Amino acid sequence: MATTHTAELLEALAAEIGEAVYIDIAKWHLYLSDAKLHTVVAEQMYPLISSKTVDEDRVIAVLSSIPVKIGGGRTELPLNDLLPLQCQVNLVDILEKYQRQN
């Protein structure tokens with residue numbers, strides 16, 4: 001039963017992240033759901049929510065650990081380097097909301 005709850009929570013979290021957070025490249029906004037990164041981000045952020053340790057520094061550390069291949073895989077950049085500051089703030093807000101709900 002707890003596994004079902006966790007799966008539902010991850011799915012809802014990924015959907016919300018995917019719609020609210022985007023990569024900014026040359027003023028083009030590629031939402032994480034379109035980039036197929038929303039599930040990875042939700043899965044990586046879930047331990048912060050479940051352990052009640054959501055804060056900006058930890059979120060940035062997790063984002064920095066998620067590699068994004070660009071240029072057909074010739075280069076990798078940390079996801080944190082591709083997100084505008086406002087998207088980082090939005091992500092922290094989303095995570096804090098989920099933390100309060102659990």
Side-chain angles (χ1 to χ4, degrees):
M1 183 101 158
T3 304
T4 303
H5 174 69
T6 300
E8 290 172 358
L9 181 115
L10 274 172
E11 188 175 315
L13 178 61
E16 192 163 344
I17 289 170
E19 293 175 4
V21 181
Y22 57 84
I23 294 169
D24 186 335
I25 300 189
K27 298 187 182 184
W28 283 79
H29 296 172
L30 178 62
Y31 284 85
L32 294 190
S33 59
D34 295 329
K36 309 292 189 239
L37 291 168
H38 60 300
T39 303
V40 172
V41 172
E43 290 170 349
Q44 295 292 318
M45 296 296 174
Y46 181 76
L48 300 181
I49 293 170
S50 61
S51 65
K52 308 288 188 198
T53 57
V54 173
D55 67 46
E56 186 177 350
D57 291 337
R58 290 178 193 252
V59 170
I60 289 171
V62 172
L63 290 172
S64 295
S65 73
I66 299 173
V68 178
K69 293 182 181 195
I70 59 173
R74 290 185 299 168
T75 303
E76 273 188 10
L77 291 173
L79 181 55
N80 188 54
D81 288 352
L82 300 171
L83 299 180
L85 183 58
Q86 187 57 48
C87 284
Q88 292 174 6
V89 171
N90 292 347
L91 179 58
V92 171
D93 291 344
I94 291 167
L95 297 172
E96 287 174 342
K97 180 181 89 171
Y98 276 82
Q99 181 178 306
R100 285 190 301 272
Q101 292 174 352
N102 284 332

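When reading the values below, keep in mind they use all heavy atoms of this one structure, side chains included, and skip hydrogens, waters and symmetry mates. Everything numeric in this text was worked out from a predicted model, so none of it was measured.
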What about [X] and [Y], same hydrophobic cluster or not, with Ile/Leu/Val/Met/Phe/Trp/Tyr joined at side-chain heavy-atom distances under 4.5 Å?
X     : Y     : result
Val40 : Leu77 : yes
Tyr22 : Val68 : no
Val21 : Tyr31 : no
Val41 : Ile70 : yes
Val92 : Ile66 : yes

remark   = Hits for side chain to side chain contact (heavy atoms under 4.5 Å, CB included) against Ile60, two or more places apart or cross-chain, chain-then-number order -> Glu56, Ser64, Asn80, Gln88

inquiry  = Applying side chain to side chain contact (heavy atoms under 4.5 Å, CB included), can you list everything that pairs with Glu11, at least two apart in sequence or on another chain?
reply    = none

inquiry  = With side-chain contact (heavy atoms from CB on, under 4.5 Å) as the criterion, how do Leu32 and Leu79 come out once you've worked through the C-alpha distance, each side chain's angles and the decisive distance to 0.1 Å?
reply    = CA-CA 10 Å; Leu32 294 190; Leu79 181 55; 4.3 Å; yes

Heavy-atom pair with the smallest gap, counting every atom of Asp34 and Leu30 = CB-CD1, 3.7 Å

Under 3.5 Å: donor-acceptor pair, side chain of Gln99, backbone of Val54 =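 Yes, the answer is positive, given that a donor and an acceptor are paired below the 3.5 Å cut-off.
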
Greater than 12 external heavy atoms within 6.0 Å of Lys52's NZ = yes

ask   = Would a 4.5 Å heavy-atom cut-off, applied to side chains only, mark Leu37 and Ile17 as touching?
value =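 No, side chains not in contact.
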
inquiry  = Is any side-chain heavy atom of Leu83 closer than 4.5 Å to one of Asp24?
reply    =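 With C-beta onward as the side chain, the pair stays apart.
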
key: Which residues share a salt bridge (Lys or Arg N to Asp or Glu O under 4.0 Å) with Asp93, sequence neighbours left out   =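 Residues passing salt bridge (Lys or Arg N to Asp or Glu O under 4.0 Å) with Asp93: none at all.
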
